[in-house]
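Worksheet for the structure shown next.
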Amino acid sequence: MKKLILTLFTLSAFVCNGRIEKSKNEESLIRKILTDPSSEEIQEVLFELKKQDLSPKNVVIQDSILLSNTNTLYILSHKVHGNKHYGAVIIPNRNDIKKLPVIIFATGGDGMHNQFDITQDFNHNAAQFPSFLGEELDKKFIVVIPSFRGQQMIIDDKKYQSEGNVGDAFDGATTDALSFLNVSIKTFSQIDENLIAIYGGSRGGTVALLASSRDKRIQRAIVVATPTDMKKLYLLYSEQFKLLFFNDLLIGKITEKEARKKFISISPIHFIKQLPMVQLHHDKNDPFVPVEFAKILVENMKANKKPVDSYFYDEGIHGFWNDENYWKRVQDFIRPLLD
């Protein structure tokens, strides 16, 4: 019996030590990925992103819904890198045939939210579905709403499941947003592809910054309660984001070099020079994304002489403030696209 106990104790210690050693190796590998990139690395990532094929493929209009404000919402499917993907486009009901500007709405979530409801997720005090911009502007802008890979998009009792890894919540979601923008432009002749803005909150704000840094057609970005530096986000929520950011690396699906490039690609702070005009909104006491994420973006944009308007609130919430000026600021920011 003593021999058996000793054997079990030794085996347990061996397993425990093995886990500790594995954990140490993983942390060492992650620390290497987290080191700040050189300008050469950033340029290499940008070069590879520009080579992505985001051309429309297998586009199908799946459904159309007449909204209560007489605008029409279309559901489209297409293929992105082999995966079936869905999105929605809202076309204003107008008598003229004038081309209209576009605003992309990028939904939030952190890679663990596998569905969003078009009728609910963008509602706030100033605009509620079917209004996205406010009654005056809803007839003047085309609204493009991509779902993201692995997400189920819901509209009333209808559900549309996009394929892919829901955990690819930043780089992959940005690819999905830009690909669906291209689908929308090809499908609807009413779109003026030279007049495009993008709006996003939380994860959607990160996607808005990444998308507008990759596609020069996007002239204005509105970001709300947005993570801007993924290294800081990982250090803040390492347990939550370890698998989200590094699972493919840890299971050997991608190499260390590939993981580093992907991690660089999801931090807007690395692409300040590529950003268009930005309007930023953040709460001074945001319970999830500290205000430092906003301040570092503003400081870096100003240092690089990039145009940025920033607004800070005191409600202690993660976006969608009661401040009546919040949505008026958003409206005023996109209004020049109508000129």
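For the single chain, residues carry numbers from 1 onward in sequence order.
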For L66, the other hydrophobic cluster members (4.5 Å side-chain criterion, sorted by chain and number) are none

If you look at every heavy atom in K57 and S55, which pair is closest and at what distance?
NZ-OG, 2.8 Å

Starting from the C-alpha separation in whole Å, work towards a yes-or-no answer on side-chain contact (heavy atoms from CB on, under 4.5 Å) for T107 and Q151.
CA-CA 11 Å; T107 185; Q151 272 192 331; 3.7 Å; yes

Listed by chain and number, what are the side chain to side chain contact (heavy atoms under 4.5 Å, CB included) partners of E136, not counting sequence neighbours?
K140, R335

Evaluate the side-chain contact (heavy atoms from CB on, under 4.5 Å) criterion for residues Q120 and F129: first the C-alpha distance (whole Å), next the side-chain angles of each, then the deciding distance (0.1 Å), finally the verdict.
CA-CA 7 Å; Q120 301 293 326; F129 185 84; over 6 Å; no

State, yes or no, whether a side-chain contact exists between V278 and K306 at a heavy-atom distance under 4.5 Å.
no

First locate atom OG1 of T255, then atom NZ of K261, and finally report the distance between them rounded to the nearest 0.5 Å.
8.0 Å

Suppose the criterion is ring-ring contact (aromatic ring centres under 6.0 Å, His included): which pairs have a residue in residues 184-233, not counting sequence neighbours?
Y74-F188, F105-Y199, Y199-W327

Set of side chain to side chain donor-acceptor pair (under 3.5 Å) partners for S162, sequence neighbours left out:
S147

So, using side chain to side chain contact (heavy atoms under 4.5 Å, CB included) as the criterion, who are the partners of E135 when residues are at least two apart?
none

Counting the benzene-type ring for Trp, do Y326 and Y311 have ring centres under 6.0 Å apart?
no

Linked hydrophobic residues, F148 as query - side chain contacts closer than 4.5 Å
V207

Quick one: do the R260 and T35 side chains pair a donor with an acceptor below 3.5 Å?
yes

Atom NZ of K98: over 12 foreign heavy atoms under 6.0 Å:
no

Which residue pairs satisfy the ring-ring contact (aromatic ring centres under 6.0 Å, His included) criterion with at least one member in residues 205-239, sequence neighbours excluded?
Y234-F246

Is I251 atom CD1 crowded by more than 12 heavy atoms from other residues, nucleotides or ligands, each under 6.0 Å away?
yes

So which atom in T226 and which in F293 form the shortest heavy-atom distance, rounded to 0.1 Å?
O-CB, 3.7 Å

Could you tell me whether the side chain of N125 reaches within less than 4.5 Å of the side chain of W321, counting heavy atoms only?
no

For P336, the side chain to side chain contact (heavy atoms under 4.5 Å, CB included) test, sequence neighbours excluded, returns R220, D339

Looking at side-chain heavy atoms only, is the closest gap between I103 and F132 below 4.5 Å?
no

Taking Q279 for the side chain and R329 for the main chain, is one N or O donor matched with an acceptor at less than 3.5 Å?
yes

Parallel, tilted or perpendicular: rings of F180 and H85 (30°, 60°)
perpendicular

Does K159 NZ have over 12 foreign heavy atoms under 6.0 Å away?
no

Check ring-ring contact (aromatic ring centres under 6.0 Å, His included) between F116 and all other residues, then give those that pass, not counting sequence neighbours.
none

For the NZ atom on K295, are there more than 12 heavy atoms of other groups (residues, nucleotides or ligands in this structure) within a distance under 6.0 Å?
no

Between CG on residue L46 and CD on residue E48, distance to nearest 0.5 Å
10.0 Å

Do the non-hydrogen side-chain atoms of R217 and I185 ever get within less than 4.5 Å of each other?
yes

On a heavy-atom basis, which atom in D283 and which in V291 lie closest, and how many Å separate them?
O-CB, 3.7 Å

Does any pair with a residue in residues 186-196 pass side-chain hydrogen bond (donor to acceptor under 3.5 Å, both in side chains), and if so which ones, sequence neighbours excluded?
none

Which heavy atom of H318 sits nearest to which heavy atom of D286, and what is that distance?
ND1-OD2, 2.8 Å

Polar side chain donor-acceptor pair, S179 to K79, under 3.5 angstrom:
no

Suppose we screen for side chain to side chain contact (heavy atoms under 4.5 Å, CB included). Which residues come up paired with P130, at least two apart in sequence or across chains?
L67, S68, N69

Minimum heavy-atom distance L236-F288, with the two atoms named
CD2-O, 4.2 Å

Just jot down the side chain to side chain donor-acceptor pair (under 3.5 Å) partners of Q62, sequence neighbours excluded, or say none.
S77

Between D176 and V80, which heavy-atom pair has the shortest distance, and what is it?
OD1-CG1, 3.7 Å

For the residue pair D63 and I155, establish whether any side-chain heavy-atom pair is separated by less than 4.5 Å.
no

